[in-house]
Amino acid sequence: MRVRKRDNNFIERSIMGALCFLKGSVFSDEYASRPGFLQSLDPRIKFITFIIFILAVLFTKSIAVSFVFYILCLALAYFSKIDLVFFLKRTWIFIPLFSLFIAIPALFSVFSPGEAIFSFRVVNLNFIITRQGLYGASLFVARVIASVSFAVLLSITTKHFELLKVLRVVRVPQVFVMVLGMCYRYIYLFIEVVENTYMAIKSRVGRRIDYKKGQHMVAWSMASLWYRSYQLNEAVYGAMLSRGYRGEPVISHDFKAGPKDWVWLVLVTFISGALLYCGGLWKFNII
Amino acid sequence: MNEKIFELKDVRFAYLGKYPALCGVDISVEKGQRIALVGANGSGKSTLLHLLDGLIFPDSGSVKAFGAELSEGALADAQFNYDFRRRVGLVFQNPDVQLFCPTVKEEVMFGPLNFGSGYEKAAKDFDAIMKVFGIEDLAGRMPHQLSIGEKRKVSMAAVLISNPDVLLLDEPTAGLDPRTSRGLVDLLNKYHREGKTVITATHDMHIIEEIADIVYVFNHDKHIVRAAPPAELLADTGFLQDNNLIHIHSHRHDGKPHVHPHGHPSHDHTH
């Protein structure tokens, strides 16, 4: 009995946790709404400058330069009134995911032959860590740290619908941008539907649900959600037609770039170029 | 003689071809009229509004709008489509259907931009309509962050910004507090004074005397059983009771239970 009860709690915690995470991460504009340096920039310019930063991080061959970029990113977060503990937590969730699985094998001589600096044996297998492997893996991790941090910083200092509209800058078709915007709008609605459906089931059947019945309910809820989304799809299309939609949507993008934005763009280009240049020197002359 | 806006003759419509929603509806709407559609849930009011907005088409019978046949074929003509959509605006019953853009500003400006107004003109109209509804502070908000009253106001603003000649409203006061509801009635009357035709589907019998010159009553057989001025209709409590538009109301006076039909708008009754 106790096991069954715990199982149900686990399901409840999972559903509510997932919904809460979605609402909190995808739909929260808490930091993007704060007055801060990055928040005050034109989203298009901000997007372009962050792409420049990320490209510079990817092209640098120097670990030191990657860390300079990372420190720059942390400084930008600080000046944009982002809680650094929150920011570090948010970025370091992704960093091991994106880096460790690739970086660890690269340490060893099998993938990175070269000068051995450390070796150990596991079940008659000799593992050798090479200087080149260590450097390659460190560079890779440093790049991931900096680029993931820039990507996260961009996403938390920009309202999500603005990010979608910025896609127009990179010539993503208008209709695609609009569909993404609508997805963003209606995912929230369906999160609420899922939440309310679960609460309705819970209020009527209590916590303990027979396994078979539970399966049946989940299947029924999925079917019901699909049907609701289908109905909504038709109704929304009707609402669009009613207000002049004729297959080619026209959506507003009232971004305005001011002198501050252009100065920022020039500055970022200059800083990135200079760091890349220095990285080249450090790579070949110092490290 | 006033210009005919809509003329429906023996209109029948069934969802999926098997669930009847309108069974032989005849209705004629002239320019500048205020019309209320009343009836119990599922009696066909919303279906009629969607039909008048050219979103669905009858299985049989004819629908004319501005003197021309309103059909799928007619709306395939770009010019007719543009003229018709420009002149007729529908406020949906469910604001979540209508608010499909990520922000209120984009939502309200969607109509003018898609009707070909330039951005400058659309932005100017946007500022004006937001002021009319007193919702200037909602411009940057996302629709899911709004209350039901705010959603309704934004839905109305999104339609009225295009200044349509004919306004179709589906349960506009549902879920609104009395003050917001009052403001809405005043606004509808203001639009009527400007010469607009206003057709409102509602359950709210409180407001029909104020928003309609003529009331069409739908019954459960999904056709119009009566068309009458609001005062005449409201006086006929037996008819209203038969059509689920008023209910028997029980309360106490001096400790004694008392039962009577609960009608509107005045709610006065003698003892």
Side-chain angles (χ1 to χ4, degrees), chain A residues 22-23 26-30 32-33 39 43 158-167 174-175 177-193 195 228-256, chain B residues 15 46 49-50 52-56 75-76 78 81-86 88-120 122-123 126 139-145 155 158-162 164 168 170:
Chain A
L22 267 174
K23 278 186 177 177
V26 182
F27 295 98
S28 168
D29 279 335
E30 189 196 340
S33 307
Q39 292 90 330
T158 316
K159 290 180 176 165
H160 289 89
F161 62 86
E162 286 182 341
L163 267 182
L164 292 178
K165 287 205 288 185
V166 161
L167 292 176
Q174 190 114 300
V175 70
V177 174
M178 192 182 171
V179 168
L180 280 177
M182 287 173 75
C183 285
Y184 177 76
R185 160 81 181 92
Y186 285 108
I187 282 172
Y188 191 90
L189 190 73
F190 282 112
I191 285 176
E192 287 195 323
V193 171
E195 206 169 13
R228 282 196 207 192
S229 67
Y230 181 74
Q231 276 186 320
L232 190 68
N233 160 43
E234 282 195 352
V236 168
Y237 183 62
M240 290 169 67
L241 286 180
S242 180
R243 277 157 60 202
Y245 174 72
R246 279 167 292 170
E248 275 296 322
V250 184
I251 50 178
S252 66
H253 28 86
D254 46 355
F255 297 138
K256 273 184 189 152
Chain B
Y15 286 102
S46 298
L49 289 183
H50 287 210
L52 294 178
D53 197 37
L55 298 177
I56 54 176
L75 283 168
N81 190 311
Y82 176 83
D83 292 340
F84 178 79
R85 300 278 177 223
R86 197 93 176 83
V88 182
L90 169 65
V91 179
F92 283 68
Q93 184 177 3
N94 176 4
D96 278 323
V97 164
Q98 196 165 340
L99 307 182
F100 48 80
C101 293
T103 66
V104 168
K105 185 168 187 180
E106 284 176 68
E107 189 63 60
V108 176
M109 286 176 68
F110 183 89
L113 289 175
N114 281 275
F115 283 128
S117 298
Y119 182 79
E120 298 296 320
F126 169 79
R141 299 266 296 276
M142 291 177 266
H144 68 256
Q145 297 172 327
S155 306
V159 171
L160 290 176
I161 190 174
S162 301
L168 309 171
D170 200 351

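Quick note on labels: first sequence line is chain A, next is B, and so on, each numbered from 1. Quantities reported herein were computed from a predicted structural model and do not represent experimental measurements.
- Within the 4.5 angstrom heavy-atom criterion, atoms from both the backbone and the side chain of B:A158 approach chain A.
- When heavy atoms are compared at a cutoff of 4.5 Å, B:Q93 does not approach chain A at all.
- In this structure, chain A has no heavy atom under 4.5 Å from any part of B:I56.
- Heavy atoms closer than 4.5 Å to chain A are found in both the backbone and the side chain of B:F100.
- Only the side chain of B:L55 comes within less than 4.5 Å of a heavy atom of chain A; its backbone N, CA, C and O stay farther away.
- Proximity to chain A (any heavy atom under 4.5 Å) is restricted, for B:D53, to the side chain, taken from C-beta onward.
- Heavy-atom contacts from other residues, nucleotides or ligands closer than 6.0 Å to OH of A:Y230 number 12 or fewer.
- Once rounded to the nearest 0.5 Å, the distance linking CG of B:N94 with CD of A:Q231 reads 10.5 Å.
- Proximity to chain B (any heavy atom under 4.5 Å) is restricted, for A:Y186, to the side chain, taken from C-beta onward.
- The side chain to side chain contact (heavy atoms under 4.5 Å, CB included) search around B:S162 returns B:R86, B:P112, B:F115, not counting sequence neighbours.
- Proximity to chain B at a heavy-atom threshold of 4.5 Å picks out A:V236, A:G238, A:A239, A:M240, A:L241, A:S242, A:R243 from residues 236-243 of chain A, in numerical order.
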